[in-house]
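Working notes, beginning with the structure itself.
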Amino acid sequence: MRWFFLILTLFAVMLAVGYGARGTKFSKPPFELFPDMDRQYKVKYQKPSEFFEDGSGARRPVVGTIPMGYQAPLNKKDTPVGSEYYRSGLFGDFYGDGFPEEVKVDAALLDHGRRRFQIYCTPCHGESGNGQGVVAKYWLIPPTANLVDPRVKALPDGQIFWTITHGKGLMGPYSGAVPIADRWAITAYVRALQGASGN
Ligand code: HEC
């Protein structure tokens with residue numbers, strides 16, 4: 001009988017604990033046996049943080065890196081000089097054609113463009129620009145663009161420059177790695193490849 005009352009009392013206590021305080025408002029936070037992850041250290045936007053030495057919660061990008069999705073970062077070699085066309089490849093909302101006054105197309109420029117092209121573009125577009133670079137062996141869908149295709153040949157110079165600056169589809173932007181002058185040199189070299197292709 002003693003056990004019966006003991007179990008009954010225990011049961012009553014459990015019931016009271018389970019249902020007792022439901023819906024009631026308290027002015028003090030409840031006692032937490034297991035705090036789980038209710039409160040954790042986190043950085044709120046625009047708020048300071050003690051975690052970092054400089055006391056700032058927001059972090060600056062590491063020098064020389066480009067955050068993903070960040071469009072057309074300025075190259076540190078580029079100064080804000082030159083015409084709008086030279087800097088963007090655009091006239092207003094339209095791609096320009098021809099090379100800007102700042103760019104002198106000669107053998108030296110083409111040679112420079114060739115070397116830059118071989119560093120930055122050949123892995124995907126191939127040495128001759130036909131889209132059969134090493135990447136094409138492993139990367140099939142979607143295919144890398146064939147730069148000597150008549151379609152790309154028909155694109156205005158400004159669009160080639162713009163594509164190198166901002167990227168297109170799976171091709172990333174090269175404005176951070178390749179300064180403006182080099183991008184025009186590469187554009188000139190792409191034109192030379194197209195001319196040599198016979199397409
Ligand atoms: C990581 C691989 C990769 C690299 C490196 C790369 N590209 Fe591309 N490029 C692509 C792909 C993929 C496309 C097709 C994009 C699409 O049409 O969606 C493309 C497309 C193009 C086009 C065609 C754009 C059009 O409108 O059809 C041009 C021009 C071009 N790239 C130039 C360059 C130049 C110049 C470089 C070197 C600075 C370069 N690419 C570096 C992958 C690459």
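Nothing here was measured: the structure is a model prediction, and the numbers come from that model. Counting starts at 1 for both ligands and their atoms, following the listed order.
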*Among protein heavy atoms, which sits nearest to atom 5 (C) of ligand 1, and what does the distance come to when rounded to 0.1 Å?*
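Checked against all protein heavy atoms, atom 5 (C) of ligand 1 sits closest to Tyr174 OH, 2.8 Å.
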
*Among all protein heavy atoms, pick out the one at the shortest distance from atom 18 (O) of ligand 1; state its residue, atom name and that distance to 0.1 Å.*
Gly169 CA, 3.6 Å

*Protein N/O/S atoms under 2.8 Å of atom 8 (Fe) of ligand 1?*
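Listed by chain and number, the nearby protein N, O or S atoms are His125 NE2, Met171 SD.
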
*Glu32: what forms a side chain to side chain contact (heavy atoms under 4.5 Å, CB included) with it, not counting sequence neighbours?*
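Result, side chain to side chain contact (heavy atoms under 4.5 Å, CB included) vs Glu32: Pro35, Asp38, Arg39.
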
*Can you list every pair that meets salt bridge (Lys or Arg N to Asp or Glu O under 4.0 Å) and has a residue in residues 157-171, with sequence neighbours left out?*
Asp157-Arg191

*Please name the pair of heavy atoms, one in Val134 and one in Tyr138, separated by the smallest distance, quoted to 0.1 Å.*
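Distance-wise, the nearest heavy atoms are O-CD1, 3.4 Å.
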
*Show your working on side chain to side chain donor-acceptor pair (under 3.5 Å) between Asp182 and His112 and close with a plain yes or no.*
CA-CA 8 Å; Asp182 290 3; His112 185 61; 2.8 Å; yes

*When clusters are formed by joining ILVMFWY residues with side-chain heavy atoms under 4.5 Å apart, either directly or through shared neighbours, do Trp184 and Leu109 land in the same one?*
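Yes; Leu109 is reachable from Trp184 via cluster members.
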
_Leu90-Phe161 co-clustered via ILVMFWY side chain contacts under 4.5 Å_ =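 Each belongs to a different hydrophobic cluster.
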
*Should Arg151 be counted as touching ligand 1, given the test is an N or O pair under 3.5 Å?*
yes

Atoms in ligand 1 flagged as close to [X], the criterion being non-hydrogen separation under 4.0 Å:
X	value
Ile160	29 (C)
Ile186	35 (C)
Tyr120	5 (C), 37 (C), 38 (C), 41 (C)

_Under a 4.0 Å threshold between the charged nitrogen and the carboxylate oxygen, would Asp111 count as salt-bridged to Arg116?_
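No.
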
*asked:* Enumerate the side-chain hydrogen bond (donor to acceptor under 3.5 Å, both in side chains) contacts for residues 93-103, please, sequence neighbours excluded, ordered by first and then second residue.
replied: Ser83-Glu102

*For the residue pair Arg183 and Thr165, confirm or rule out a side-chain donor-acceptor distance under 3.5 Å.*
yes

*Of the side chain and backbone of Leu155, name the one, both, or neither that has a heavy atom under 4.0 Å from an atom of ligand 1.*
side chain

